[in-house]
There are 2 protein chains.
Amino acid sequence: MKQKISDKIIGRLTLYHSILEDYAQKDIDIISSPQIAFLLNIDDSQVRKDLNCLKNTGKSRVGYLVKDLTRSIEKTLGISKTKNAVIIGAGNLGKALAKYDNFESYGLHVEALFDNDKKKIGSKIEGKNIYNISDLKERVSSDNIEIAILTVPWVSAQEVANIIAQTDIKYIWNFTPKVLKPIEGIHILNENLMGNLLQFTHKVMD
Amino acid sequence: MKQKISDKIIGRLTLYHSILEDYAQKDIDIISSPQIAFLLNIDDSQVRKDLNCLKNTGKSRVGYLVKDLTRSIEKTLGISKTKNAVIIGAGNLGKALAKYDNFESYGLHVEALFDNDKKKIGSKIEGKNIYNISDLKERVSSDNIEIAILTVPWVSAQEVANIIAQTDIKYIWNFTPKVLKPIEGIHILNENLMGNLLQFTHKVMD
DNA sequence: TAGATTGTTAATCGATTAACAATC
DNA sequence: TAGATTGTTAATCGATTAACAATC
């Protein structure tokens with residue numbers, strides 16, 4: 001808890017977790033660092049080093065217990081304490097994320113969606129209400145919402161971010177390609193899709 | 001072209017590009033490295049170092065010309081030569097990505113979508129046809145499709161990846177939370193959404 | 001035992017930050 | 001000029017990889 005775990009390691013831990021779920025589903029009890037490393041195309045000593053950040057320990061000559069390791073990762077990632085979020089923008093991307101059941105299993109609860117389209121307001125997605133964006137502030141203050149998932153068209157992104165800034169929300173997960181202006185007291189994560197793709201194609205194509 | 005530009009730099013260049021488009025839209029001709037650095041919360045000397053990878057050059061005491069810099073970044077990112085892609089899985093996420101107009105402007109052309117749902121097959125999204133997944137191989141070979149954007153439910157992810165492996169497609173951009181088994185001759189990019197969010201919340205919450 | 005794997009240290013590598021002369 | 005900014009080098013920092021003794 002005290003020890004600092006770097007971004008990179010956190011990112012890999014979620015991938016390990018996904019692999020472990022696969023193993024569990026196939027009723028495999030044991031996994032080794034070279035096996036994980038192979039699936040992710042990384043170094044096996046890195047896997048072991050990452051896993052040493054957890055207090056979990058493997059067995060020489062054998063490997064790690066899938067069950068125990070899964071639990072350790074979940075504890076370290078803080079999946080236990082659920083964070084509440086709302087999705088702002090009930091277009092296809094917003095709907096897709098509302099249905100993304102992986103969020104729940106990683107401790108992210110999507111409470112509701114918000115939009116400005118009269119046709120959408122009042123309907124439901126995946127059992128979650130779609131509210132009017134103008135009601136954001138009052139609705140968010142009653143529940144304990146920490147995160148706004150921003151999936152509006154990029155032309156509206158900054159404007160909506162400013163609205164979010166007036167609520168108690170402290171984190172914006174920005175799926176629009178617009179770089180938002182820094183806002184006092186709000187942390188912004190840009191989900192830079194094109195950047196990720198270009199990193200990939202640039203590395204690999206010639 | 002010869003010089004190697006790292007992943008990290010490529011990712012930041014797309015963010016710079018997005019900022020430059022903003023400036024251009026507001027008819028601002030000049031931008032400085034501290035301005036960019038402020039928006040992204042990074043070091044200004046890093047911005048200058050990144051920009052030095054381009055052959056573009058700024059002006060002391062003034063900054064960089066927005067127009068010229070935009071063009072330089074576009075050239076470096078290889079946006080000029082369009083890559084063709086198909087989206088596999090015409091659910092909400094697939095539809096959202098089909099509509100994501102940023103793809104085109106960064107040189108990624110989505111040719112069509114594929115699904116196994118009879119109700120969807122034959123219809124169109126954003127002017128793009130939705131075809132039967134069983135026709136993937138033949139359709140892909142006629143066009144010059146390099147990339148498959150994988151947006152199927154995670155339970156089908158590996159199965160569909162194996163189908164893709166039988167085509168001429170060389171790159172899979174995996175939006176499912178399933179870690180795919182390495183496939184000979186195919187490059188896989190895992191869009192690790194939960195990892196990204198957890199990196200963020202872990203860094204920032206306590 | 002023999003051999004595969006962990007845990008861990010040391011070596012390498014690369015990315016970020018600091019600093020500052022040169023510029024206009 | 002004075003002051004802000006670039007371009008670039010050096011210093012720092014952190015992440016990855018290599019290596020190997022300890023283990024069962």
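In the text below, chain A, chain B and the rest are named by the order of the sequence lines, each starting its count at 1.
Separation of atoms CG (B:Leu150) and CG (B:Leu97) is listed at 11.0 Å; rounding is to 0.5 Å. Here the straight-line distance linking atom NZ of A:Lys81 with atom OG1 of B:Thr201 works out to 9.0 Å at 0.5 Å rounding.
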**Request:** Decide side chain to side chain contact (heavy atoms under 4.5 Å, CB included) for B:Ile147 and B:Ile169; before the verdict, give the C-alpha distance in whole Å, the side-chain angles of both, and the deciding distance to 0.1 Å.
**Result:** CA-CA 6 Å; B:Ile147 298 171; B:Ile169 290 171; 5.8 Å; no
**Request:** Begin from the C-alpha positions of A:Thr176 and A:Thr151 and carry the test side chain to side chain contact (heavy atoms under 4.5 Å, CB included) through to its verdict.
**Result:** CA-CA 6 Å; A:Thr176 80; A:Thr151 57; over 6 Å; no
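Not counting sequence neighbours, the partners of A:Arg71 by the salt bridge (charged side-chain N to carboxylate O under 4.0 Å, His left out) test are A:Asp68. With sequence neighbours excluded, the residues that form a side-chain contact (heavy atoms from CB on, under 4.5 Å) with B:Ser6 are B:Lys8, B:Ile9.
The aromatic rings of A:Tyr131 and A:Phe114 sit tilted, their planes meeting at an angle between 30° and 60°.
Between A:Tyr64 atom OH and C:dT5 atom P there is a gap of 11 Å when expressed in whole angstrom units.
Proximity of B:Thr57 to the phosphate of D:dG7: a side-chain N or O atom is located under 4.0 Å from OP1 or OP2. Taking only side-chain nitrogens and oxygens, A:Asn52 comes nearer than 4.0 Å to OP1 or OP2 of C:dT8.
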Would you mind writing out the side-chain donor-acceptor pairs for residues 24-41 of chain B within the sub-3.5 Å range, not counting sequence neighbours?
from, atom 1, to, atom 2, distance (Å)
B:Ser32, OG, B:Gln35, N, 3.4
B:Ser33, OG, B:Arg48, NH1, 3.0
B:Gln35, OE1, B:Ser32, N, 2.9

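The stretch residues 8-18 of chain A touches DNA chain D through A:Lys8, A:Arg12, each having a heavy atom within less than 4.0 Å of the strand. Against DNA chain D, the stretch residues 23-50 of chain A makes heavy-atom approaches under 4.0 Å through A:Asp43, A:Ser45, A:Gln46, A:Arg48, A:Lys49.
Residue B:Leu51 is the one, among B:Leu51 and A:Lys59, whose nearest nucleotide of DNA chain D lies closer to the 5' end (criterion: closest heavy atom). Residue order along DNA chain C, read from the 5' end via each residue's closest nucleotide, puts A:Arg61 first among A:Gly58 and A:Arg61.
Secondary-structure stems of DNA chain C, taken as three or more successive Watson-Crick or G-U wobble pairs (i with j, i+1 with j-1) under a 3.5 Å distance threshold, comprise C:3-24 with D:3-24.
In this model, no donor atom of one side chain and acceptor atom of the other lie less than 3.5 Å apart for A:Glu191 and A:Asn174. Using modelled atom types and a 3.5 Å distance limit, the side chains of A:Gln166 and A:Asn162 yield no donor-acceptor pair.
Checked against the 6.0 Å centroid threshold, B:Trp173 and B:Phe175 count as a close aromatic pair.
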